[in-house]
**Student:** 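Got a structure here, written out as structure tokens. Questions coming.
Every heavy atom of this structure was used, including side-chain atoms; hydrogens, water molecules and symmetry mates were not. Order of listing sets the numbers, starting from 1, for every ligand and every atom in it. Being a predicted model, the structure only gives us computed values, none of them experimental. This chain uses plain numbering: 1 for the first residue, then up along the sequence.
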Amino acid sequence: MLYQVVIPAAGQGKRMKAGINKQLIKLRHQPVIIHTLKVFEQDDWCQGIVMVVNEAEREQFQELLEKFQIKKVLSIVSGGAERQHSVYNGLKAVKESDFVLIHDGARPFITIEKIHELVKEANEHGAAVPAVPMKDTVKRVSQGFVDETVERSSLWAIQTPQAFRVSLILEAHERARQEGYVGTDDASLVERIGKKVKVIEGNYRNIKLTTPDDLLFAEAILSVKEER
Ligand SMILES: Nc1ccn([C@@H]2O[C@H](COP(=O)(O)OP(=O)(O)OP(=O)(O)O)[C@@H](O)[C@H]2O)c(=O)n1
Ligand SMILES: C[C@](O)(CO)[C@H](O)COP(=O)(O)O
């Protein structure tokens, strides 16, 4: 079952405070983005990759693709102000594919097995996302005081890659644009046009590198992988 993948990598990484795009930070001698791209490069179901980058960093990314012999990148498009705008630019470059995955460049530990599960679910339901049950108690807080404790049993932390039928996610993005809605993930755009999104069990190791502490966890995950 074939798919193309859009990889947004055009963020500023403000919470990471690294002084460089967090996708260019090295983990075991390879930039984060290369760890991410290699998974798709090695997946036979992946027909092609659309990368979304900042114009100012385009050359740097191109050099990395050559150096690490990433061959499946079909196009590199420019990012937008918000993640959603970057993804939309990427989606417009997806051609001749029924299914598309959208995956954060900053999530280097996705597995091919999980990807295949998601594509199969997208084939059946139109949209599918990986998620893990929330582990912490979650409270709604305002002005430094608790408003309420949210019932946790139905709360899941949503990850990427998110898999979609191309026509559905394009419709959802177009509608969000017309209506001025900006969400923090792509599935939320599908939800708001009244379509169902299938949730599959993700993996707690499929972290997004967001703050400096995440780099410690990332190194630990890589150590365990190397031991195997
Ligand atoms: N305008 C944007 C914002 C984000 N992203 C990408 O979307 C992914 C998930 O976003 P996030 O982790 O929030 O990244 P940043 O926006 O870079 O982080 P921050 O909010 O800390 O600045 C990242 O791979 C990031 O590069 C993007 O392509 N274009
Ligand atoms: C898409 C996402 O990775 C799902 O968890 C996430 O919402 C995007 O990043 P942010 O940290 O919420 O901006």
**Student:** Determine whether Phe40 and Tyr3 make a side-chain contact, defined as any pair of heavy atoms from C-beta on separated by less than 4.5 Å.
**Tutor:**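 In short, these two side chains touch, coming nearer than 4.5 Å.
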**Student:** Within less than 4.0 angstrom of ligand 1, does Gly79 place any heavy atom?
**Tutor:**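 It does not; every heavy atom stays at 4.0 Å or beyond.
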**Student:** To check your reading of the model: name the closest protein heavy atom to atom 11 (O) of ligand 2, its residue, and the distance in Å.
**Tutor:** Lys208 NZ, 2.8 Å
**Student:** Can an N or O of Ala81 be found at a distance shorter than 3.5 Å from an N or O of ligand 1?
**Tutor:** yes
**Student:** Take the angle between the ring planes of His116 and Trp45 and call it parallel below 30°, perpendicular above 60°, tilted in between.
**Tutor:**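 His116 vs Trp45 ring planes: parallel.
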**Student:** Tell me, please, which residues at least two apart from Arg107 pass side-chain hydrogen bond (donor to acceptor under 3.5 Å, both in side chains).
**Tutor:**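 Once residues adjacent in sequence are excluded, the partners of Arg107 under the side-chain hydrogen bond (donor to acceptor under 3.5 Å, both in side chains) criterion are Asp104, Thr160.
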**Student:** Would you mind listing which atoms of ligand 1 come within a distance below 4.0 Å of any non-hydrogen atom of Glu82?
**Tutor:**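 In order of number, 1 (N), 2 (C).
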**Student:** Going by the closest heavy atom to atom 2 (C) of ligand 1, which one wins out of His103, Arg83, Lys22?
**Tutor:**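 Checking each option, the heavy atom nearest atom 2 (C) of ligand 1 is found in Arg83.
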**Student:** Under 4.0 Å from a heavy atom of Asp185: give me the atoms of ligand 2 that qualify, with their elements.
**Tutor:** 1 (C)
**Student:** Out of all atoms in ligand 2, which are within 4.0 Å of some heavy atom of Arg107? Include the element for each.
**Tutor:**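 Within the 4.0 Å cut-off of Arg107, ligand 2 contributes 2 (C), 3 (O), 4 (C), 5 (O).
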**Student:** Would Gly11 count as a polar contact of ligand 1, with the cut-off being nitrogen or oxygen pairs under 3.5 Å?
**Tutor:**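 Yes, Gly11 has an N/O under 3.5 Å of an N/O on ligand 1.
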**Student:** I'd like to know if Arg83 and Asp185 make a salt bridge, using a cut-off of under 4.0 Å between side-chain N and carboxylate O.
**Tutor:** no
**Student:** How close does the nearest protein non-hydrogen atom get to atom 13 (O) of ligand 1, and which residue and atom is it?
**Tutor:**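 Going by distance alone, atom 13 (O) of ligand 1 is nearest to Arg15 NH2, 2.9 Å.
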**Student:** Tell me which part of His85 gets within contact of ligand 1: side chain, backbone, both or neither, using heavy atoms under 4.0 Å.
**Tutor:** neither
**Student:** My understanding is that only one of Glu179, Glu174, Arg177, His173 makes a side chain to side chain contact (heavy atoms under 4.5 Å, CB included) with Leu189; could you say which?
**Tutor:**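 Single pass found, and it is His173.
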**Student:** Using a 4.0 Å cutoff against the non-hydrogen atoms of Gln23, which atoms of ligand 1 qualify?
**Tutor:**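 Selected atoms, number and element: 23 (C), 24 (O), 25 (C), 26 (O).
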**Student:** Using distance alone, determine whether Gly13 and ligand 1 share an N or O pair under 3.5 Å.
**Tutor:**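 Between Gly13 and ligand 1, an N or O pair is found under 3.5 Å apart.
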**Student:** So if I count the atoms of ligand 1 from 1 in the order they appear, which ones are less than 4.0 Å from some heavy atom of Lys208?
**Tutor:** 9 (C), 11 (P), 12 (O), 13 (O)
**Student:** At a 4.0 Å threshold, what atoms of ligand 2 neighbour a non-hydrogen atom of Arg15?
**Tutor:**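 Near Arg15, meaning under 4.0 Å from one of its heavy atoms, ligand 2 has 10 (P), 11 (O), 13 (O).
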**Student:** Against heavy atoms of Thr160, which atoms of ligand 2 measure under 4.0 Å?
**Tutor:** 1 (C), 3 (O)
**Student:** Of all the non-hydrogen atoms in the protein, which one sits nearest to atom 1 (N) of ligand 1, and at what distance?
**Tutor:** Gly80 O, 2.9 Å
**Student:** Following the transitive rule for hydrophobic clusters with a side-chain heavy-atom cut-off under 4.5 Å over Ile, Leu, Val, Met, Phe, Trp and Tyr, establish whether Val5 and Ile115 coincide in one cluster.
**Tutor:** yes
**Student:** Once you restrict to heavy atoms under 4.0 Å, what part of Ser86 touches ligand 1? Side chain, backbone, both or neither.
**Tutor:** side chain
**Student:** Is any N or O atom of Asp104, backbone or side chain, closer than 3.5 Å to an N or O atom of ligand 2?
**Tutor:**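 Between Asp104 and ligand 2, an N or O pair is found under 3.5 Å apart.
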**Student:** For atom 1 (C) of ligand 2, what is the closest protein heavy atom, and at what distance to 0.1 Å?
**Tutor:** Thr184 O, 3.4 Å
**Student:** Looking only at heavy atoms of Ile158, does any of them come nearer than 4.0 Å to an atom of ligand 2?
**Tutor:**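 Under 4.0 Å: yes for Ile158.
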